[in-house]
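The structure appears below as structure tokens.
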Amino acid sequence: AGLGLNMGIGDVACIWQLTEAQSLFSILGRYQRQRKSTLTPVILGMKLLKNCFGIQNQLWVKFRSTGMDFLDHQSLLKKLIRLNMRLLIF
């Protein structure tokens, strides 16, 4: 929750910083390159999650459930993941 909002705020901040450029095309090109490099880890992470949760093989489902249960009980690891996600967005 909030990932989309954080990404949107990052988009606005990026465009705001680029407004010193000469033309709209220059601004948009720089914006696209800058945001793409910032958001690539998020995009790859989302694709990985989609692929992992899309597999319905029973052995894989059991493995995935065991891994999610393990992660659910790791409060320090969850805090680190949340912190890193915030740092990646901006």
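- Using a 4.5 Å cut-off between side-chain heavy atoms of Ile, Leu, Val, Met, Phe, Trp and Tyr, with links allowed through other members, Leu80 and Val42 fall into different hydrophobic clusters.
- In this structure, the side-chain contact (heavy atoms from CB on, under 4.5 Å) partners of Leu44, at least two apart in sequence or on a different chain, are Thr40.
- To the nearest 0.5 Å, atoms CZ (Arg30) and CD1 (Ile15) are separated by 12.0 Å.
- For Asp72, the salt bridge (charged side-chain N to carboxylate O under 4.0 Å, His left out) criterion is met by Lys78, not counting sequence neighbours.
- Note: Gln74 CD to Asp69 CG = 11.0 Å, rounded to the nearest 0.5 Å.
- Both Met7 and Ile43 belong to a single network of hydrophobic side chains, linked directly or stepwise wherever heavy atoms of I, L, V, M, F, W or Y lie under 4.5 Å apart.
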Pairs of donor and acceptor atoms involving the side chains of residues 59-68, under 3.5 Å and at least two apart or interchain, shall be tabulated with distances.
from, atom 1, to, atom 2, distance (Å)
Trp60, NE1, Cys52, O, 2.9
Arg64, NH1, Cys52, O, 2.8
Arg64, NH1, Ile55, O, 3.1
Ser65, OG, Val61, O, 3.0
Thr66, OG1, Lys62, O, 2.9

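- Under the rule for a side-chain contact (heavy atoms from CB on, under 4.5 Å), the partners of Leu28 that lie at least two apart in sequence or sit in another chain are Leu24.
- A distance of 3.5 Å separates SG of Cys14 from CD of Gln34, quoted to the nearest 0.5 Å.
- Applying the ring pair (Phe, Tyr, Trp, His ring centres under 6.0 Å) test to Phe53 and every residue at least two apart in sequence or in another chain returns nothing.
- Legend: residues meeting side-chain contact (heavy atoms from CB on, under 4.5 Å) with Gln32, ordered by chain and number and at least two apart, are absent.
- Following chains of ILVMFWY side-chain contacts shorter than 4.5 Å, one can reach Leu77 starting from Leu49, so the two form part of one hydrophobic cluster.
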